[in-house]
Enquirer: 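Below is a structure I'd like to ask you about.
As the structure lists them, so they are numbered: ligands from 1, and atoms in each ligand from 1. Side-chain atoms are counted along with the backbone in the values below, which use heavy atoms only and exclude waters and symmetry mates. Predicted, not measured: the structure shown is a model, and the values here were computed from it.
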Amino acid sequence: MIDVAEMQPRAAMAKKQFDPLAKEIFTLKKQLNAVILAHNYQVPEIQDVADYVGDSLGLAQQAAKTSAEVIVFCGVHFMAETAKILNPGKIVVLPDKDAGCSLEESCPAEKLAALQKTNPNFWTIAYINCSAAVKALCDVIVTSGNAVKIVEAAPKDRDLLFVPDENLGAWVMEQTGRPMTLWQGNCYAHVEFRRDAILKMRAQFPDAKIVVHPESLREVRDLADAVCSTEKMITFCKHDPAKKFVIVTESGIIHRMQKECPGKEFICAPTFNVMQLPTDNCRCSECKFMKLNTLEKVRDCMKNLAPRVELPENILKRARLPMERMLEISAR
Ligand code: 13P
Ligand code: SF4
């Protein structure tokens with residue numbers, strides 16, 4: 001995650017470039033006393049105006065401690081909702097209200113509530129990629145950065161129910177040895193990575209390390225040198241002696257990797273339907289939801305203070321409990 005200490009150099013750098021849109025955003029940020037939080041999958045120009053760029057865990061931690069009055073969340077809708085849950089009294093805006101997530105869509109709150117009724121001993125663990133209404137039904141939230149730690153800390157006498165990502169859930173079961181009932185949801189972007197395409201990359205770049213996000217299928221995770229959250233991917237690439245990495249996640253992350261790991265080469269993994277290697281064409285995976293955000297929309301949401309996240313009081317209150325539990329266990 002980009003630390004607050006880097007905020008000024010980032011701002012200065014963008015100003016130096018005299019990008020009028022970036023300048024407008026910096027002016028609005030001052031006027032509103034706003035903070036701009038951006039996920040690692042955002043387009044480079046959004047990352048470059050953000051105060052913090054990170055994974056879901058880092059962004060939630062930043063949202064929990066910000067003193068800004070307005071939070072501009074450049075990611076997808078459930079992330080902005082998470083910031084609102086942690087800051088019920090603040091204004092939270094996002095560039096595009098339609099920036100959803102296939103995992104969130106896969107798990108409607110009513111269906112989860114019905115499943116929970118089938119076993120009163122369920123302890124429900126929700127991946128942060130779900131709606132506020134789903135969070136409000138859960139015992140604890142996890143991200144890909146802390147899921148193993150949090151599942152290890154789950155009560156031993158309860159039956160674990162993990163929603164909504166069956167692939168992350170399966171990986172966490174492998175890591176912890178704890179059986180869990182898995183909700184049948186997935187990230188539509190990550191399941192496009194397939195074994196055959198990754199094997200081709202390995203053959204073509206034998207000295208490259210393969211770094212995989214745990215939302216990917218097991219057939220792909222099994223080929224990895226490292227399986228981790230987007231933030232840990234960046235840390236891994238920084239510290240590993242290898243000079244070349246095949247990155248199996250959304251391509252937006254390459255921007256930070258190139259900036260923070262000078263002298264190293266990052267190759268976007270191909271998705272299963274793009275098998276000609278190598279070409280000069282982009283063969284990377286993009287999340288269509290993350291990519292709805294543009295710099296113009298960031299400026300507009302700050303100007304209009306809309307679209308704005310609003311949630312019913314009861315959901316805000318109930319969803320805060322598992323979020324706080326997550327932050328507390330993460331900090332141990
Ligand atoms: P992390 O950044 O937490 O690894 O999550 C990836 C993701 O898909 C977010 O939607
Ligand atoms: Fe959801 Fe996948 Fe996009 Fe992340 S990359 S926001 S999990 S659809």
Enquirer: Tell me whether Cys287 has at least one N, O or S atom under 2.8 Å from atom 2 (Fe) of ligand 2.
Expert: no
Enquirer: Is the contact between Asn129 and ligand 1 made by the side chain, the backbone, both, or neither, using heavy atoms and a 4.0 Å cut-off?
Expert: side chain
Enquirer: Does some non-hydrogen atom of Ser144 fall short of 4.0 Å from ligand 1?
Expert: yes
Enquirer: Taking both backbone and side-chain atoms of Asn40, is any N or O found less than 3.5 Å from an N or O belonging to ligand 1?
Expert: no
Enquirer: Considering the heavy atoms of Glu215, write down every atom of ligand 2 situated less than 4.0 Å from one of them.
Expert: 2 (Fe), 7 (S)
Enquirer: Looking only at N/O atoms, are Ser229 and ligand 1 under 3.5 Å apart anywhere?
Expert: no
Enquirer: Please compare Glu104, His213, His190 and report which has the shortest non-hydrogen distance to atom 5 (O) of ligand 1.
Expert: His213
Enquirer: Distance to 0.1 Å, residue and atom name: give those for the protein heavy atom nearest to atom 2 (Fe) of ligand 2.
Expert: Cys187 SG, 2.3 Å
Enquirer: Considering both backbone and side-chain atoms of Ser56, is one of its nitrogen or oxygen atoms within less than 3.5 Å of a nitrogen or oxygen in ligand 1?
Expert: yes
Enquirer: Should the ring pair Phe245 and Phe236 be called parallel, tilted or perpendicular, given that the plane angle runs from 0 to 90° and is split at 30 and 60?
Expert: perpendicular
Enquirer: Answer yes or no for His39: is there a heavy-atom contact with ligand 1 below 4.0 Å?
Expert: yes
Enquirer: Name the orientation class of the two ring planes belonging to His190 and Tyr41 (parallel below 30°, tilted from 30 to 60°, perpendicular beyond 60°).
Expert: tilted
Enquirer: What is the closest protein heavy atom to atom 8 (O) of ligand 1, and at what distance does it sit?
Expert: Glu215 OE2, 3.0 Å
Enquirer: Ligand 1 versus Thr143, non-hydrogen atoms closer than 4.0 Å: side chain, backbone, both, neither?
Expert: neither
Enquirer: Of the protein's non-hydrogen atoms, which lies at the shortest distance from atom 1 (Fe) of ligand 2, and what is that distance?
Expert: Cys101 SG, 2.4 Å
Enquirer: Going by heavy atoms, is Met79 under 4.0 Å from ligand 1?
Expert: yes
Enquirer: With the threshold set at under 4.0 angstrom, would you say Tyr127 reaches ligand 1 through any of its heavy atoms?
Expert: yes
